[in-house]
Undergrad: 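Pasting a structure below so you can have a look.
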Amino acid sequence: MNGTRPPEPAPLLVADGLRKTYRLPGGGRLTAADQVSFTVAAGGSVGIVGESGSGKSTVARMLAGLVRPDAGTITVDGSDRAAAARGRRSRRDRLARAREIQMVFQDPYVSLDPRLTSRQCLRTALRLHGHDAADSRIRSLLDQVGLGTREADAKPHELSGGQCQRLAIARALAVDPRILVLDEAVAALDVSIQAQILELLEEIRQGTGVALVFVSHDLAVVQHITDETVVMRHGTVVEQGPTTQVLSAPQHAYTQLLLASVPHQGWDPSAATHARARLTTASA
Ligand code: ADP
Ligand code: MG
């Protein structure tokens with residue numbers, strides 16, 4: 001240490017060597033994730049990209065504590081979450097852990113209780129975690145995600161997909177998490193609504209300092225919202241780094257393929273087909 005540079009702040013979350021296998025019906029095991037390591041800075045934004053089946057959701061679920069890793073550690077602020085998961089834990093431990101990392105899923109109609117209005121949904125989430133569930137707190141949460149009085153008293157089926165996703169985000173924010181993990185959270189929305197939700201998430205990150213882990217098969221989505229990108233293929237990380245670098249000068253043939261597959265002006269679909277053929281040959 002020569003002392004000329006300020007020390008890098010310790011990352012908020014460190015995922016180190018995560019591995020998860022699933023038993024196959026016919027015997028044997030499928031490796032859904034292996035040796036997955038990355039960090040998330042406090043208030044940072046990390047994208048996890050890759051094609052369907054590459055292991056993104058498995059990693060997201062391990063972060064949120066919904067899936068237990070076979071190996072590896074997840075530490076938040078230096079304390080090991082996976083180790084805690086291995087021991088017997090009380091409901092209080094589980095809730096405390098849920099407060100740190102909250103998850104938002106692709107389909108809000110599935111993740112929201114159809115019987116509850118937005119207001120009731122938020123009240124329930126706040127009470128579950130022993131937070132103040134006063135009307136003013138509920139109003140400010142709704143306001144934070146751009147929902148008004150009409151939406152406050154509506155049930156999910158009376159809201160649009162984008163409004164439901166806003167509510168799901170508000171519910172996640174209700175417990176003041178350090179990290180929001182969003183798994184394909186805008187994938188089911190129209191492109192124009194996607195843009196609004198991405199803008200909202202960026203606003204929330206700036207306003208609250210919550211870190212985002214943004215899981216998406218869509219490179220365009222990740223490009224807009226993340227500082228760092230992790231590229232997954234067949235359960236492993238093939239490339240990671242600053243988003244601008246990974247997406248403008250991808251080093252790995254798979255990242256190049258993902259980029260070549262995104263439709264854009266003057267796009268040549270056959271270039272993507274050729275890139276895939278090369279990659280398949282190279283990794284065979
Ligand atoms: P992604 O989110 O990138 O599409 P997933 O993490 O959902 O990928 O899946 C990775 C691999 O693990 C896939 O082959 C999938 O079929 C398998 N998988 C995921 N969840 C389970 C499960 N609960 N049981 C068995 N296999 C699973
Ligand atoms: Mg997935």
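For ligands, and for the atoms within them, numbers begin at 1 and follow the listed sequence.
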Undergrad: Measuring from atom 2 (O) of ligand 1, which candidate in G235, A33, G53, S57 has the nearest non-hydrogen atom?
TA: S57
Undergrad: Could you check whether any side-chain heavy atom of P69 comes within less than 4.5 Å of a side-chain heavy atom of K20, counting everything from C-beta outward?
TA: no
Undergrad: Check whether any side-chain heavy atom of Q256 sits under 4.5 Å from a side-chain heavy atom of H252, and report yes or no.
TA: no
Undergrad: Does S57 bring an N, O or S atom to within less than 2.8 Å of the Mg ion (ligand 2)?
TA: yes
Undergrad: Consider salt bridge (charged side-chain N to carboxylate O under 4.0 Å, His left out). Of D132, D113, D135, which one does R123 pass it with?
TA: D135
Undergrad: Report yes if some N/O of A32 lies less than 3.5 Å from some N/O of ligand 1; otherwise report no.
TA: no
Undergrad: Has G50 got any heavy atom lying under 4.0 angstrom from an atom of ligand 1?
TA: no
Undergrad: Side-chain contact test, heavy atoms from C-beta onward, threshold under 4.5 Å: evaluate it for M232 versus V36 and give yes or no.
TA: yes
Undergrad: Show the nearest heavy-atom pair for residues L247 and L259, with the distance to one decimal.
TA: O-CD1, 3.3 Å
Undergrad: Does any N/O atom on L30 come nearer than 3.5 Å to any N/O atom on ligand 1?
TA: no
Undergrad: Just by distance, no angles: are the side chains of D268 and S270 close enough, under 3.5 Å, to form a donor-acceptor pair?
TA: yes
Undergrad: How far is atom 8 (O) of ligand 1 from its nearest protein heavy atom, and which residue and atom is that?
TA: G55 N, 3.1 Å
Undergrad: Give, for atom CG of D183 and atom CG of L66, the distance between the pair rounded to the nearest 0.5 Å.
TA: 10.0 Å
Undergrad: For the 3.5 Å polar cut-off, considering only N or O atoms, please tell me whether S54 and ligand 1 meet it.
TA: yes
Undergrad: What protein heavy atom is closest to atom 3 (O) of ligand 1, reported as residue, atom name and distance in Å?
TA: K56 NZ, 2.8 Å
Undergrad: For E51, take its heavy atoms, then give the atoms of ligand 1 lying under 4.0 Å from any of them.
TA: 3 (O)
Undergrad: Under 4.0 Å from atom 15 (C) of ligand 1, is there at least one protein heavy atom?
TA: no
Undergrad: What protein heavy atom sits nearest atom 6 (O) of ligand 1, and how far away is it?
TA: T58 OG1, 2.6 Å
Undergrad: Note the single closest protein heavy atom to atom 23 (N) of ligand 1, along with its residue, its atom name and the distance in Å.
TA: Y22 CE2, 3.5 Å
Undergrad: Is it the case that atom CZ in R205 sees more than 12 heavy atoms from other parts of the structure closer than 6.0 Å?
TA: yes
